[in-house]
Amino acid sequence: MNWESRDVSARQIHNISVLSDCYGYVRYFYPNSYVIDFDWTKFLMYSIHKIEPIQNDDDLKSALLELFKPLCPQISFSNNAVVTTEKIRTPYFAVEYKAIGSLAEMKSPIIRMTKDLDYSSNYSFKIDENIYVNFPLAVNILPAKTDSYTNLLKEINKIDEGGIGLFSALLNAESVKNANLIFKHLSYRMADLIIRKNIIQHFYPYFHEDGLQEIWDNKFENTITELAQVNNLSNYYLQICNFLSNVKDSHIQIWNTFSVGAVATYAPFYYPDLSAGFANDTCFVLHVGKEYDKQIKKGDVLVSINDRPIHEIIQQKLAFCPHSSYAAGLYRLSIFGNLFESTAKDAILNVAFKNSNNEPRKIQLKTNLSDSPVDRNTDFIKKDENGLVYINLCTDACTYENFTKYISILQSAKGIVFDVRGRPQPDVLSVISHFIHEKTELGNLLIPVIRFPNQENNEYTSAEKWCVVPAVSPESKEASKRNEYKTPLSIQIDKPLVFLSNEKTISFGESFIEMMKYYKVGTIVGMPTAGCNGDVTRFQMPAATFFMTYNKFLNRDGSQHHAVGVLPDVFSGMKIIDIQRNIDTQLETAKKLLQ
């Protein structure tokens with residue numbers, strides 16, 4: 001089957017946008033127990049076919065009423081807001097989202113409430129300039145299934161999901177490419193976009209901090225136009241990335257896999273054996289494979305790719321890469337290899353660069369790898385000639401068992417530098433217990449309690465504050481068990497400490513650095529952290545499952561951490577001249593503080 005690709009009119013975009021808003025309000029906030037396992041994707045595909053041809057608002061309201069009445073019996077549509085002062089009496093049923101976990105099934109958890117939360121008997125939500133959708137957010141009696149619901153189920157179950165059996169796929173790989181795959185249907189791509197749009201709008205905790213309330217509808221409508229035109233899997237995947245890149249969340253990861261019945265296919269991308277890094281705004285060569293190491297070196301400065309200036313490529317690629325800050329975005333381009341990626345295997349990239357003598361050079365790269373090469377610092381613990389010890393808390397070798405082998409070295413050190421430029425390993429709490437003098441507790445992590453659309457009237461409860469206590473504390477054994485870190489040896493190490501952090505420090509790493517700074521365990525050196533913290537959840541989708549921040553992290557004084565990060569005590573950015581000389585600028589700054 002060929003991809004269904006075509007133009008969509010302004011009226012069709014308008015109709016899809018109105019459908020999207022109505023879907024978000026009803027699906028996530030109307031308490032209806034019999035739609036818990038309802039196939040909303042098929043419903044949206046069915047609905048899109050119904051509303052696409054409509055040319056006026058009166059017919060659109062009639063169609064929406066016919067579509068949503070079986071799911072929300074109390075729904076109505078009006079030209080103006082229907083205002084009511086009547087309150088719902090207790091007890092009642094309402095939807096409440098709280099601590100949704102690592103996999104968000106988003107099945108509208110209905111709870112029976114006996115406390116009065118001041119629900120009105122009806123709510124009006126504007127879904128167009130002249131259309132309001134009206135229904136209650138709380139009901140005294142849960143709705144019962146109706147014949148109209150049964151008929152709706154019959155209709156949406158007629159929709160062909162496409163897909164292919166495992167046996168057929170194994171016999172003929174081309175059968176996957178040529179199959180009637182669901183994402184080739186324009187109605188599916190629109191339905192998928194609607195679901196993503198509403199997840200962000202109603203559940204992304206920094207929706208307002210990112211200013212999305214000002215641009216989200218417009219970005220959604222622009223993406224409708226783009227998705228209607230796609231004609232291959234890679235382009236479809238990139239348009240999803242482009243839409244979600246408006247969200248300033250470095251936790252967002254979008255899988256490039258797409259379910260096709262019993263098997264899965266994926267949007268392929270290919271990379272050369274070379275990767276880039278960034279020192280402030282300078283893009284340099286970070287990793288060089290053996291195929292190219294005679295022509296280009298680590299630290300050489302990239303100028304252009306296929307005659308396009310590198311700064312233009314960076315800005316273009318950032319538009320497809322969700323990121324919490326500009327520096328964090330550059331780091332994501334680095335680790336994902338976005339600057340050199342190609343949808344074609346063995347594509348030739350003509351790269352211009354300048355070497356350490358500022359001499360212009362050119363090289364041809366071939367995109368023959370299925371994954372971008374990653375430059376990893378595998379060092380764990382090193383002692384230099386001045387008696388200073390370096391500990392990399394982000395390497396796989398950072399286990400507590402390995403750490404204990406170096407305790408005698410640490411006890412004789414003149415100072416210690418902890419490298420937290422990345423994601424610290426789980427045993428970091430056991431390690432740091434030897435260096436603290438008081439209970440050191442997690443900062444301001446909040447769990448949103450969501451009962452109303454558009455994140456209005458959200459409440460927040462404090463997440464359980466895990467902590468670490470000194471290794472020599474009488475409470476050490478119990479605290480390690482309660483907080484799920486390995487019980488440390490009863491040894492105290494008192495040395496001057498410096499912690500390295502930058503835009504690579506994200507999520508748990510930021511919690512850790514914030515704790516070190518707040519409790520004055522040591523001096524923080526480097527650059528601001530990623531500004532992306534709070535627990536992550538996964539939204540399982542048939543195409544391109546994605547991850548997103550769900551809980552909210554604030555500074556201890558209540559100020560914004562998101563997109564700001566933890567600021568260092570001593571600012572130190574990487575310098576390109578140091579990189580070319582294999583010198584770690586930030587590490588050297590830390591050493592000078594300790595000498």
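A quick note: this is a predicted structure, and the numbers were derived from the prediction, not measured. The first residue in the sequence is number 1, and the count goes up from there.
- Using cut-offs of 30° and 60° for the angle between ring planes, the Phe38 and Trp40 rings count as perpendicular.
- A ring-centre distance under 6.0 Å is not found for Tyr97 and His202.
- Using modelled atom types, one finds a donor on one side chain and an acceptor on the other under 3.5 Å when comparing Tyr30 with Gln74.
- Applying the 6.0 Å contact sphere to CG of Asp307 captures no more than 12 heavy atoms from other residues, nucleotides or ligands.
- Within 6.0 Å of CG on Asn151 lie more than 12 heavy atoms contributed by other residues, nucleotides or ligands.
- Using a 4.5 Å heavy-atom cutoff, the side chains of Phe68 and Val133 are not in contact.
- Within the structure, every pair that satisfies the salt bridge (charged side-chain N to carboxylate O under 4.0 Å, His left out) test and touches residues 216-241, not counting sequence neighbours, is listed here: Lys197-Asp217.
- Closest approach of Asp249 and Pro322 over heavy atoms only: O-CB, 3.6 Å.
- Taking the six-membered ring wherever Trp is involved, the centroid distance between the rings of Tyr28 and Phe203 falls below 6.0 Å.
- No side-chain donor from either of His311 and Asp281 sits under 3.5 Å from a side-chain acceptor of the other.
- Contact between Ile156 and Asp39 at its shortest, heavy atoms only, is CD1-O, 4.0 Å.
- Taking 4.5 Å as the limit, every side-chain heavy atom of Lys184 sits out of range of all side-chain heavy atoms of Asn2.
- Across all non-hydrogen atoms, the minimal contact from Ile296 to Asp300 is CG1-OD2, 3.5 Å.
- Side chains of Tyr331 and Asn502: a donor-acceptor N/O pair is absent below 3.5 angstrom, by distance only.
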Report task. Start with the C-alpha gap between Arg361 and Gln295, add the side-chain angles, then the distance that decides, and say whether side chain to side chain contact (heavy atoms under 4.5 Å, CB included) holds. Result -> CA-CA 9 Å; Arg361 294 284 188 269; Gln295 301 168 268; over 6 Å; no
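- You'll find the side chain of Pro268 reaches within 4.5 Å of the side chain of Ser234, heavy atoms only.
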Query - Steps toward salt bridge (charged side-chain N to carboxylate O under 4.0 Å, His left out) verdict (Glu341, Lys317) - result: CA-CA 10 Å; Glu341 72 184 2; Lys317 295 294 185 178; 3.7 Å; yes
Query - Audit row: Phe43, Ile159, side chain to side chain contact (heavy atoms under 4.5 Å, CB included) steps and yes/no - result: CA-CA 9 Å; Phe43 168 76; Ile159 292 176; over 6 Å; no
Query - Ile194 vs Phe220, side chain to side chain contact (heavy atoms under 4.5 Å, CB included): CA-CA, chis, key distance, verdict - result: CA-CA 8 Å; Ile194 287 170; Phe220 171 71; 3.8 Å; yes
Requested in this report: Let me see the working for Arg11 and Asp57 under salt bridge (charged side-chain N to carboxylate O under 4.0 Å, His left out), right down to the final yes or no.
Outcome: CA-CA 10 Å; Arg11 181 71 217 193; Asp57 284 353; 2.9 Å; yes
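- Side-chain contact check for Glu52 versus Asn15: every heavy-atom pair is 4.5 Å or farther apart.
- Each of Phe320, Phe546, Trp216 was evaluated against Phe243; a single residue qualifies, Trp216, per the ring pair (Phe, Tyr, Trp, His ring centres under 6.0 Å) test.
- Taking every heavy atom of both residues into account, Leu339 and Ile310 meet most closely at CD1-CD1, 4.4 Å.
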Requested in this report: Check the pair Leu137, Val95 against side chain to side chain contact (heavy atoms under 4.5 Å, CB included), reporting the backbone distance first and the verdict last.
Outcome: CA-CA 8 Å; Leu137 299 182; Val95 176; over 6 Å; no
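- Side-chain atoms of Gln229 and Asp7 form a donor-acceptor pair, as typed in the model, at a separation below 3.5 Å.
- With contacts defined as side-chain heavy-atom distances shorter than 4.5 Å, the pair Leu446/Pro448 does not qualify.
- Under a cut-off of 6.0 angstrom, the local environment of NZ in Lys69 is crowded, with over 12 non-hydrogen atoms contributed by other residues, nucleotides or ligands.
- We find the CD1-CG distance between Ile200 and Leu212 to be 8.0 Å, quoted to the nearest 0.5 Å.
- The CG atom of Asn198 sits 4.0 Å away from atom OG of Ser20, with the distance rounded to the nearest 0.5 Å.
- For CD of Glu155, the number of neighbouring non-hydrogen atoms (other residues, nucleotides, ligands) closer than 6.0 Å is greater than 12.
- Atom CZ of Phe29 and atom CZ of Arg451 lie 11.5 Å apart (nearest 0.5 Å).
- By the 30° and 60° cut-offs, the orientation of the rings of Phe269 relative to Tyr237 is tilted.
- Closest approach of Asn551 and Tyr206 over heavy atoms only: O-OH, 4.0 Å.
- Gln239 and Arg189 share no donor-acceptor pair across their side chains, judged by distance under 3.5 Å alone.
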Requested in this report: Please report the C-alpha distance between His251 and Asn533 in whole Å, then the side-chain angles of each, then the deciding distance to 0.1 Å, and finally whether the side chain to side chain donor-acceptor pair (under 3.5 Å) criterion is met.
Outcome: CA-CA 8 Å; His251 274 148; Asn533 204 354; 5.7 Å; no
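- In this structure a side-chain-to-backbone donor-acceptor pair under 3.5 Å is present from Ser245 to Asn242.
- In this structure, CD1 on Ile313 lies 12.0 Å from CG on Asn338, to the nearest 0.5 angstrom.
- The shortest distance between side-chain heavy atoms of Arg423 and Phe508 does not fall below 4.5 Å.
- Remark: the Asn232 side chain and the Asn235 side chain contain no N/O donor-acceptor pair separated by less than 3.5 Å.
- Taken to the nearest 0.5 Å, the CD1 atom of Ile199 stands 7.0 Å off from the CE atom of Met548.
- Under 3.5 Å, the side chains of Thr545 and Gln540 contain a donor-acceptor pair of N or O atoms.
- Minimum interatomic distance between Ser342 and Thr367 (heavy atoms only, all atoms of both residues): CB-CG2, 3.9 Å.
- At a cut-off of 3.5 Å, with distance as the only test, a side-chain donor of Tyr25 or Asn454 sits close to an acceptor on the other residue.
- Checked against a 6.0 Å centroid threshold, the rings of Tyr236 and Phe258 count as neighbours.
- Contact annotation: the side chain of Leu60 approaches that of His14 to within less than 4.5 Å [non-hydrogen atoms, C-beta and beyond].
- Phe340 pairs by the ring pair (Phe, Tyr, Trp, His ring centres under 6.0 Å) definition with nothing, not counting sequence neighbours.
- For Trp255 and Tyr266, the ring centers are positioned 6.0 Å apart or more.
- The 12-atom threshold is not exceeded at CZ of Arg376, counting heavy atoms of other residues, nucleotides or ligands nearer than 6.0 Å.
- How far OG of Ser304 is from NZ of Lys362: 7.0 Å, rounded to the nearest 0.5 Å.
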